[in-house]
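Computed from heavy atoms alone, side chains included, the values below leave out hydrogens, waters and symmetry copies.
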Amino acid sequence: MNRRHFLRLAGALPALSLLNSAEAAASDYRALVVLHLNGGNDGHNCLVPTDGAYDDYARARPGLALPKASLVPLAGSSAGHSFGMHPALASMAALYDRGRLAWIANTGALVAPASARQVMEHSVALPSFLLSHSDQTLWHQGWLGDADLSGWAGRALELLPGSLRHDLNAVSMSSERTLVQGRKSGVAFLSAGTSRHWGPADLAQPDTAATQTLHQMARWQFANHYEAEYAASFRRALNESTAFTQVALGAPAPSGAFADDRLAQCLRKLATMLPRFKDMGYRRQVFLVHWGNFDTHTYQRGANPNSQDAQLLVAAKALAAFDSSIQSAGLDQNVVTLSTSDFGRTLSPASGGGSDHAWGNHWFALGGPVAGGQVLGTFPTLVAGGPDDCDGNQGGRFVPTTSSDQVGASVMQWLGLPDSGLLSAFPHLANFKNKTLPHLLRS
């Protein structure tokens, strides 16, 4: 590939202007990778207390509780407990013990701080459509419950200083995009495969007739609004694909041992691309990855590929390979990975050998900048009908004690969101005394 050929397209690709300042910016690269576990991952079986609270857990979850001897113990104690992790997460337990991974207990969407009693008495504002997969995913990603479809990362990226902004700030690896959608800016879509070939056109060969034809088509103008919007979307997609192709060219394969599943493919692609993004001067980026099928009403345990047990093993292997690759590429202090999910699940089992939709859940953050080896927040009392349960039927639906906005604000401030923009990106934080989790990330 001739680099001069790409520079001839600079007028069509604003992102390529970053090349001029790449060396100066490369030392100031920060990326957030948000992994959303589709369906509502059961945090109760991911992070389990191993002290006296284990008995409450086991008593409340007949048929679902993990045997205490099977748990992978975590070093030390925090949040008032000692803990173990699901055996499928053993590779991640090692990252916790090394101080690279932190758990964030009982996290969820909140409009304002709430107690179980307030929820049951209907005396506090709540997110709309609790227990709905689609709505709670949107709430976690920053939807405000109105016509504004932007997300917290997209809004925060728009508030960064101009020197940190570019056309590839916000990237999704699927059709889901709320988290990274801005109020005024768009979202770039990155395939886990290659974006290089558009039919006969090879975007790495801009002098070929097929590729030149594509770029000519991207410059077409239309008076009809529908045709004009289609042309603009086509132009954005082509420019993004060309930019991603340029980034990928010459990128060495990552060092981690990735499997062939879809999550591993997505994280392998990011492990390949992130070092190149840094070298080319893209200073701030947020990547959204949706994966999995964790709506485990039935058969939550066991070897079935759709069981939580099996999916957690896939996720842990992919994340461990990604983290290893990031470290080997010299990005140890440049990348943070955050897990989210639709909601938590009931402490009490469902009738089909699984669990039902709930609310508060346990998330984790991974990476060199993470102040790992700890459980942040308030761990709930694992008693159905106990002080944290807002379910009138005592099913064990816990009210979150940490807002998803507080987590989001913490990582976006690490990316450079100024204090002055905090409430614009996270309006509900006006109702919270503590806007962020100050001990989640190292300065």
Side-chain angles (χ1 to χ4, degrees), residues 1-23 25-26 31 165-177 180-182 184-254 258 260 262 265-283 285-289:
M1 175 58 202
N2 191 325
R3 180 173 178 270
R4 184 177 64 255
H5 291 165
F6 265 112
L7 295 179
R8 289 172 58 185
L9 297 176
L13 294 173
L16 298 187
S17 64
L18 294 168
L19 289 170
N20 296 329
S21 57
E23 291 185 6
R165 297 185 58 193
H166 51 81
D167 289 350
L168 301 183
N169 273 135
V171 182
S172 177
M173 299 195 74
S174 72
S175 60
E176 305 291 343
R177 61 181 179 180
V180 289
Q181 179 66 56
K184 299 179 180 179
S185 55
V187 177
F189 294 92
L190 175 64
S191 169
T194 178
S195 57
R196 174 175 174 172
H197 298 282
W198 283 41
D202 181 352
L203 300 186
Q205 299 294 331
D207 287 339
T208 61
T211 306
Q212 288 184 353
T213 298
L214 278 179
H215 284 284
Q216 290 171 359
M217 292 170 60
R219 292 191 289 271
W220 286 350
Q221 301 292 319
F222 297 92
N224 180 281
H225 291 305
Y226 294 101
E227 293 174 335
E229 181 59 32
Y230 181 89
S233 297
F234 177 84
R235 182 165 53 254
R236 285 193 298 269
L238 179 60
N239 288 347
E240 290 163 5
S241 294
T242 304
F244 285 138
T245 296
Q246 180 202 14
V247 173
L249 284 174
F258 289 93
D260 292 327
R262 183 182 176 277
Q265 290 173 354
C266 287
L267 295 184
R268 181 194 293 116
K269 184 65 173 281
L270 291 181
T272 301
M273 301 279 277
L274 264 57
R276 291 278 290 151
F277 283 127
K278 177 188 176 187
D279 291 343
M280 296 174 68
Y282 294 84
R283 296 173 63 189
Q285 292 182 290
V286 179
F287 299 89
L288 174 61
V289 180

Let me see the working for Thr211 and Thr208 under side chain to side chain donor-acceptor pair (under 3.5 Å), right down to the final yes or no. CA-CA 6 Å; Thr211 306; Thr208 61; 2.9 Å; yes
Minimal heavy-atom distance between Trp220 and Ala231, with the atoms involved, is O-CB, 4.1 Å
Not counting sequence neighbours, which residues clear side-chain contact (heavy atoms from CB on, under 4.5 Å) with Thr213? List them please. Met217
Nearest non-hydrogen partners of Ser195 and Leu203, listed with the distance: O-CD1, 3.5 Å
With rounding to the nearest 0.5 angstrom, report the CG to CZ distance, Asn169 to Phe287. 9.5 Å
Heavy-atom distance under 4.5 Å between the side chains of Thr194 and Thr245, does that happen here? no
Which atom of Asp260 lies closest to which atom of Gln265, heavy atoms considered: O-NE2, 3.1 Å
Any residue meeting side-chain contact (heavy atoms from CB on, under 4.5 Å) with Pro254, in chain and number order, not counting sequence neighbours: Phe258, Arg268, Ala271, Thr272, Ser325
Specify the closest pair of heavy atoms between Phe244 and Phe277, including all atoms of both residues, with the distance to one decimal. CE2-CZ, 3.8 Å
Do you know which two heavy atoms are closest between Ala248 and Met273, and how far apart they sit? CB-SD, 3.7 Å
Can you list the residues that meet the side-chain contact (heavy atoms from CB on, under 4.5 Å) rule with Ala218, with sequence neighbours excluded? Phe234, Arg235, Leu238
Arg276 versus Tyr282: any side-chain heavy-atom pair under 4.5 Å? no
Ignoring hydrogens and geometry, is there a side-chain-to-backbone donor-acceptor pair from Gln205 to Ala209 under 3.5 Å? no
Is any side-chain heavy atom of His215 closer than 4.5 Å to one of Thr242? yes
When rounded to the nearest 0.5 Å, the distance separating CG of Leu267 from CE of Met173 is 8.0 Å
If only atom types and distance count, is the side chain of Lys269 paired as donor or acceptor with the main-chain N or O of Gly193 below 3.5 Å? yes
Looking at Val289 and Cys266, what are the two nearest heavy atoms and their distance? CG1-CB, 4.1 Å
CG-CD distance between Leu274 and Gln285, expressed to the nearest 0.5 angstrom: 6.5 Å
Sidechain-backbone polar pair: His166 side chain, Leu168 backbone, donor-acceptor under 3.5 Å: yes
Sequence neighbours left out, what pairs pass salt bridge (Lys or Arg N to Asp or Glu O under 4.0 Å) with at least one residue falling in residues 221-230? Glu229-Arg236
Side chain to side chain donor-acceptor pair (under 3.5 Å) filter on Arg196, not counting sequence neighbours, yields Asp202
Residues in side-chain contact (heavy atoms from CB on, under 4.5 Å) contact with Ser174, at least two apart in sequence or another chain: Ser172, Glu176, Arg262, His290
